[in-house]
Amino acid sequence: NYQSRSYAAAPGERIVSPQKLVYYRDNWYLAAFCHYRNLLRMFAIDNITAVKIRDEMAQNTDPTILEEFIGGSYGIFSGAPLHLAILHFKPEKAKWIADEQWHPKQQGQWLKNGCYQLSIPFNATPELVMDILKHGDDVEVIEPDFLRAAVREKITAMRAVYEKKI
């Protein structure tokens, strides 16, 4: 059984073919072929509530496809990268960001104004938006527009929380 972090749903049974254990940001994940979704998926180990070994053989995934799934996009929301995020960091923050690895295929460059441009391949926005927001006004999303809009929506929602009177 598995309790997804993404949904408020009750734990559900998943039949999976395990492929690889992945350690990411102090957490363990199981990269597995999910027979329910008919896709490769990531499962947080700490959200697996019960395990039953089945008699059927596990479905193997081509190693190239598996590595692309695990490392192709930003964060744990993996899969083939569909987009490229372009972020500009203010000079005060730039020296720190230039030394960080957000993604193995990221590209960075110093801009003439002292800012640092970080380009990151990604597929889904949730984790990337969280990481952008933790840098506050020291970062600006340049592209794509839908990522910029997602960050703006979160900022608007945050502002509404803090404008409430206690």
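Rounding to the nearest 0.5 Å gives a distance of 11.0 Å between CG of Leu84 and CD of Gln106. In this structure, Ile120 CD1 and His103 NE2 are separated by 8.5 Å, a value rounded to the nearest 0.5 Å. Going from atom CG of Leu133 over to atom CG of Leu128 covers 9.5 Å, rounded to the nearest 0.5 Å. Leu30 contributes atom CG, which lies 6.0 Å from atom CG of Leu21 (distance to the nearest 0.5 angstrom). Atom CZ in Phe33 sits 12.0 Å away from atom CG in Leu66 (nearest 0.5 Å).
When side chains are defined from C-beta on, Leu147 counts as touching Ile132, because their heavy atoms get closer than 4.5 Å. Contact annotation: the side chain of Ser119 approaches that of Ile86 to within less than 4.5 Å [non-hydrogen atoms, C-beta and beyond]. Residues Glu13 and Tyr36 are not in side-chain contact: their nearest non-hydrogen atoms beyond the backbone lie 4.5 Å or more apart.
Listed by chain and residue number, Phe89, Trp102 satisfy the ring-ring contact (aromatic ring centres under 6.0 Å, His included) test with His135 (two or more places apart in sequence, or in another chain). For Asp62, the side-chain contact (heavy atoms from CB on, under 4.5 Å) partners are Thr64, Ile65, not counting sequence neighbours. Taking the ring-ring contact (aromatic ring centres under 6.0 Å, His included) definition, one finds that Trp28 meets it with Tyr23, sequence neighbours left out. For Ala94, the side-chain contact (heavy atoms from CB on, under 4.5 Å) criterion is met by Trp110, Tyr116, not counting sequence neighbours. Contacts of Thr61 classified as side chain to side chain donor-acceptor pair (under 3.5 Å), with partners at least two apart in sequence or in another chain: Gln19. Checked against side chain to side chain donor-acceptor pair (under 3.5 Å), Lys20 has the following partners two or more places apart in sequence or in another chain: Glu67. Remark: His83 pairs with Phe122, Phe146 by the side-chain contact (heavy atoms from CB on, under 4.5 Å) rule, at least two apart or across chains.
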Worksheet item: Should Leu118 and Val139 be marked as a side chain to side chain contact (heavy atoms under 4.5 Å, CB included) after you check the CA-CA gap, both sets of side-chain angles, and the distance that decides it?
Response: CA-CA 10 Å; Leu118 182 63; Val139 62; over 6 Å; no
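Counting all heavy atoms, side chain and backbone alike, Ser17 lies closest to Gln59 at OG-N, 2.7 Å.
Leu39 and Val16 end up in different hydrophobic clusters when Ile, Leu, Val, Met, Phe, Trp and Tyr side chains are linked at under 4.5 Å. Note on Leu40: it clusters hydrophobically with Val22, by side-chain heavy-atom contacts below 4.5 Å among ILVMFWY residues.
Among pairs with a residue in residues 87-100, those fulfilling salt bridge (charged side-chain N to carboxylate O under 4.0 Å, His left out) read Lys90-Asp137, at least two apart in sequence or across chains. Evaluation of the salt bridge (charged side-chain N to carboxylate O under 4.0 Å, His left out) test over residues 48-58, restricted to residues two or more places apart or in two chains, returns Arg54-Glu56. Pairs engaging residues 141-151 under the salt bridge (charged side-chain N to carboxylate O under 4.0 Å, His left out) rule: Glu140-Arg148 [sequence neighbours left out].
A 6.0 Å sphere centred on CD of Gln107 holds no more than 12 heavy atoms belonging to other residues, nucleotides or ligands.
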Taking distance alone, no hydrogens or angles, what donor-acceptor pairs closer than 3.5 Å link side-chain atoms of residues 156-163 to residues at least two apart or in another chain?
from, atom 1, to, atom 2, distance (Å)
Thr156, OG1, Arg152, O, 3.0
Arg159, NE, Glu163, OE2, 2.6
Arg159, NH2, Glu163, OE2, 3.4

